[in-house]
Amino acid sequence: MPNIKSAKKRVLVNERKALRNKMEKSALKTSLKKFDAAVAEGNRSEADVAYKAAVKAVDKAAAKGLMHKNNAAHKKSHMTVKLNKIG
């Protein structure tokens, strides 16, 4: 445990930020899983709604720095391909 007051504060702030990042990553993964489940069912209308939510979540995560912008583009591209295969 740090002795300096500013270092103590840094530890507390970093814990809060880590928790927030963990929650946001978990929410992102949930939206991606919902999209994959809708695609697996083959339900186009449900997949469209899940796709829009997942793309929005991926864009937000990339903007916040939770994932790299190229990783976000990769995920969105793969989701689009999966959605178009449903037909």
Side-chain angles (χ1 to χ4, degrees):
M1 195 67 191
N3 295 325
I4 299 168
K5 185 176 181 180
S6 61
K8 289 178 184 177
K9 182 179 178 183
R10 276 287 113 215
V11 168
L12 297 175
V13 169
N14 286 336
E15 286 175 359
R16 284 195 302 265
K17 286 184 177 183
L19 180 62
R20 185 175 299 127
N21 284 339
K22 187 175 182 180
M23 289 170 28
E24 289 176 1
K25 280 185 181 182
S26 177
L28 171 65
K29 289 178 187 177
T30 301
S31 66
L32 293 175
K33 285 179 186 177
K34 284 182 181 177
F35 170 73
D36 286 336
V39 169
E41 284 181 19
N43 188 349
R44 178 64 187 219
S45 59
E46 199 175 303
D48 280 331
V49 173
Y51 172 77
K52 288 180 183 176
V55 167
K56 186 174 181 178
V58 167
D59 284 336
K60 278 188 174 182
K64 290 180 180 179
L66 291 177
M67 69 168 46
H68 194 273
K69 64 177 184 172
N70 290 352
N71 187 6
H74 182 92
K75 285 191 185 298
K76 290 192 295 185
S77 174
H78 277 268
M79 284 191 294
T80 305
V81 169
K82 283 182 184 179
L83 184 67
N84 289 337
K85 281 186 180 177
I86 293 176

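One finds the NZ atom of Lys64 at 12.0 Å from the CG atom of Asp59 (value rounded to the nearest 0.5 Å).
Classification of Arg44 and Asp48 as a salt-bridged pair holds, one side-chain N sitting under 4.0 Å from a carboxylate O.
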Got a list of side-chain donor-acceptor pairs under 3.5 Å for residues 11-18, not counting sequence neighbours?
from, atom 1, to, atom 2, distance (Å)
Asn14, ND2, Arg10, O, 3.2

Taking only distance into account, with no hydrogens and no angle test, what donor-acceptor pairs under 3.5 Å do side-chain atoms of residues 25-33 form with protein atoms, sequence neighbours excluded?
from, atom 1, to, atom 2, distance (Å)
Thr30, OG1, Ser26, O, 2.9
Ser31, OG, Leu28, O, 2.8

Please list, one pair per line, the donor and acceptor atoms closer than 3.5 Å that link side chains of residues 79-87 to other protein atoms, with sequence neighbours excluded.
from, atom 1, to, atom 2, distance (Å)
Thr80, OG1, Tyr51, OH, 2.7
Thr80, OG1, Lys76, O, 2.8
Lys82, NZ, Asp36, OD1, 3.0
Asn84, ND2, Thr80, O, 3.3

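Follow the hydrophobic side-chain contacts under 4.5 Å out from Phe35 and you reach Met67 in the same cluster.
By the side-chain hydrogen bond (donor to acceptor under 3.5 Å, both in side chains) test, Ser77 pairs with no residue at all, sequence neighbours left out. With sequence neighbours left out, the salt bridge (Lys or Arg N to Asp or Glu O under 4.0 Å) criterion links Glu46 to no other residue. In this view, His74 and His78 satisfy the ring-ring contact (aromatic ring centres under 6.0 Å, His included) rule, not counting sequence neighbours.
Taking all atoms of both residues into account, the shortest heavy-atom contact from Ala50 to Ala38 is CB-CB, 4.4 Å. Residue Pro2 comes nearest to Lys8 through the heavy atom pair O-CE, 3.3 Å, listed as atom of the first residue, atom of the second, then distance.
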